[in-house]
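For reference, the structure is listed below as structure tokens.
Here the structure is a predicted model, which means the values were calculated and not measured. Counting begins at 1 with the first residue of the sequence.
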Amino acid sequence: MAEFMNVGKIVNTHGIRGELKIMPLTDFPEVRFAKNAEMFLFTSDDRPVPVTVESARLHKNMYIVRLKEYGNINEVEKFKGGMAKVSKENLADLEEGEYYFHQIVGCSVITEEGETLGTITEILTPGANDVWVVKTPGGKEVLIPVIDDVVLDVDVEQKQVKIHLMEGLL
């Protein structure tokens, strides 16, 4: 079965013509919600429904999306509370040095001295830079800022991240 990645949470319907209000969960909303973009909508029974974007517009940090397959509110009600996803094969290409969250979560973290710090369990996005939550073998959580001074090397193939432990991080 194909793997899917979230691109938006369907929070509500909009109007009577079958539009959906989708909160974007992607760094590429202009690609995901562009005319003729293909995606899958998942309802509570977790079955993918393939759809094509007819039109989309940004409104109060949400995308109002009209789909080619649906024309009225009664047809799209079932998607409320569901997710909009794309297949993993349909992910956008990233610049060098950029990574998807799913590529980072699960990576082991080692210091430049070769000491194992733990495993990345979560990624926080508080503002200026992301923060990786690293769980140590002892169960403690360490917060690592994703900045050039700290993150030295990311190897998604080996699922390993090398960091410089700045004073005060532990």
Problem - Contact check, side chains of I163 and L152, non-hydrogen atoms, under 4.5 Å - result: no
Exercise for the section: Specify the closest pair of heavy atoms between P50 and E69, including all atoms of both residues, with the distance to one decimal. Expected result: O-OE2, 4.2 Å
Practice task
Sequence neighbours left out, what passes ring-ring contact (aromatic ring centres under 6.0 Å, His included) with Y100? Give chain and number order.
Solution key: H102
Practice task
Treat each ILVMFWY residue as a node, draw an edge where side-chain heavy atoms are under 4.5 Å apart, and state whether I22 and M83 are in one component.
Solution key: no
Practice task
Please tell me if the side chains of V7 and R32 come closer than 4.5 Å, counting only heavy atoms from C-beta onward.
Solution key: yes
Fill in the blank from the handout: Nearest heavy-atom approach of G118 to P137 is CA-CD, 4.3 Å
Exercise for the section: Please round to the nearest 0.5 Å and tell me the distance separating atom CZ of R47 and atom CG of L41. Expected result: 13.0 Å
Exercise for the section: Check whether any side-chain heavy atom of L143 sits under 4.5 Å from a side-chain heavy atom of V133, and report yes or no. Expected result: yes
Handout entry: Distance in Å, K159 NZ paired with Q103 CD, rounded so as to fall on 0.5 Å steps
Key = 7.5 Å
Handout entry: From CA spacing to verdict: side-chain contact (heavy atoms from CB on, under 4.5 Å), F101, T125
Key = CA-CA 11 Å; F101 282 17; T125 55; 3.6 Å; yes
Exercise for the section: Please work out which of the three classes, parallel, tilted or perpendicular, describes the rings of F4 and F40, given edges at 30° and 60°. Expected result: perpendicular
Handout entry: E38 and K68: CA distance, side-chain angles, deciding distance, salt bridge (charged side-chain N to carboxylate O under 4.0 Å, His left out) verdict
Key = CA-CA 10 Å; E38 295 176 354; K68 288 184 178 182; over 6 Å; no
Practice task
Report the distance from atom OG1 of T26 to atom CE of M39, rounding to the nearest 0.5 Å.
Solution key: 9.5 Å
Practice task
Kindly determine whether N12 and L20 satisfy side-chain contact (heavy atoms from CB on, under 4.5 Å), including the steps that lead there.
Solution key: CA-CA 6 Å; N12 210 343; L20 292 170; over 6 Å; no
Practice task
Could you state whether V146 and V142 fall into the same hydrophobic cluster, counting links through intermediate Ile, Leu, Val, Met, Phe, Trp or Tyr residues with side-chain heavy atoms under 4.5 angstrom apart?
Solution key: yes
Practice task
Indicate yes or no: at least one non-hydrogen side-chain atom of V151 is less than 4.5 angstrom from one of W132.
Solution key: yes
Exercise for the section: Please check if atom CD in Q158 has more than 12 non-hydrogen atoms from other residues, nucleotides or ligands closer than 6.0 Å. Expected result: no
Completion exercise
Distance col, row K162:NZ vs D155:CG, nearest 0.5 angstrom, shows 10.0 Å
Fill in the blank from the handout: Paired with R66, the side chain to side chain contact (heavy atoms under 4.5 Å, CB included) test is passed by just one of E54, H14, K35, namely E54
Problem - Any donor-acceptor N/O pair, N72 side chain to N74 backbone, under 3.5 Å - result: yes
Exercise for the section: Please name the pair of heavy atoms, one in T43 and one in K78, separated by the smallest distance, quoted to 0.1 Å. Expected result: CG2-O, 3.4 Å
Fill in the blank from the handout: Taken to the nearest 0.5 Å, the spacing of L67 CG from R17 CZ works out to 15.0 Å
Exercise for the section: Taking the side chain as every heavy atom from C-beta outward, state whether V53 and N36 have any pair of such atoms under 4.5 Å apart. Expected result: no
Problem - Within-4.5 Å side-chain heavy-atom neighbours: F33 and L58 - result: no
Practice task
Show your reasoning for whether ring pair (Phe, Tyr, Trp, His ring centres under 6.0 Å) applies to F42 and F79.
Solution key: CA-CA 7 Å; F42 284 73; F79 296 119; over 10 Å; no
Fill in the blank from the handout: One should read off an interatomic distance between K85 NZ and K9 NZ, to the nearest 0.5 angstrom, of 10.5 Å
Handout entry: R57 vs E19, side-chain contact (heavy atoms from CB on, under 4.5 Å): CA-CA, chis, key distance, verdict
Key = CA-CA 11 Å; R57 65 189 183 280; E19 292 178 313; 3.0 Å; yes
Handout entry: 4.5 Å side-chain heavy-atom contact, I144 and L117
Key = yes
Problem - Student check: side-chain heavy atoms of T121 and V134 closer than 4.5 Å - result: no
Problem - ILVMFWY network linking M23 to V31, side-chain heavy atoms under 4.5 angstrom - result: no
Exercise for the section: Answer with yes or no whether the hydrophobic clustering places I110 together with I120; edges join I, L, V, M, F, W, Y residues whose side-chain heavy atoms lie under 4.5 Å apart. Expected result: no
Exercise for the section: Give a yes or no on whether the backbone of V156 and the side-chain of Q160 come within a donor-acceptor separation of less than 3.5 Å. Expected result: no
Problem - Single-linkage hydrophobic cluster, 4.5 Å side-chain cutoff, V161 and Y99 together - result: yes
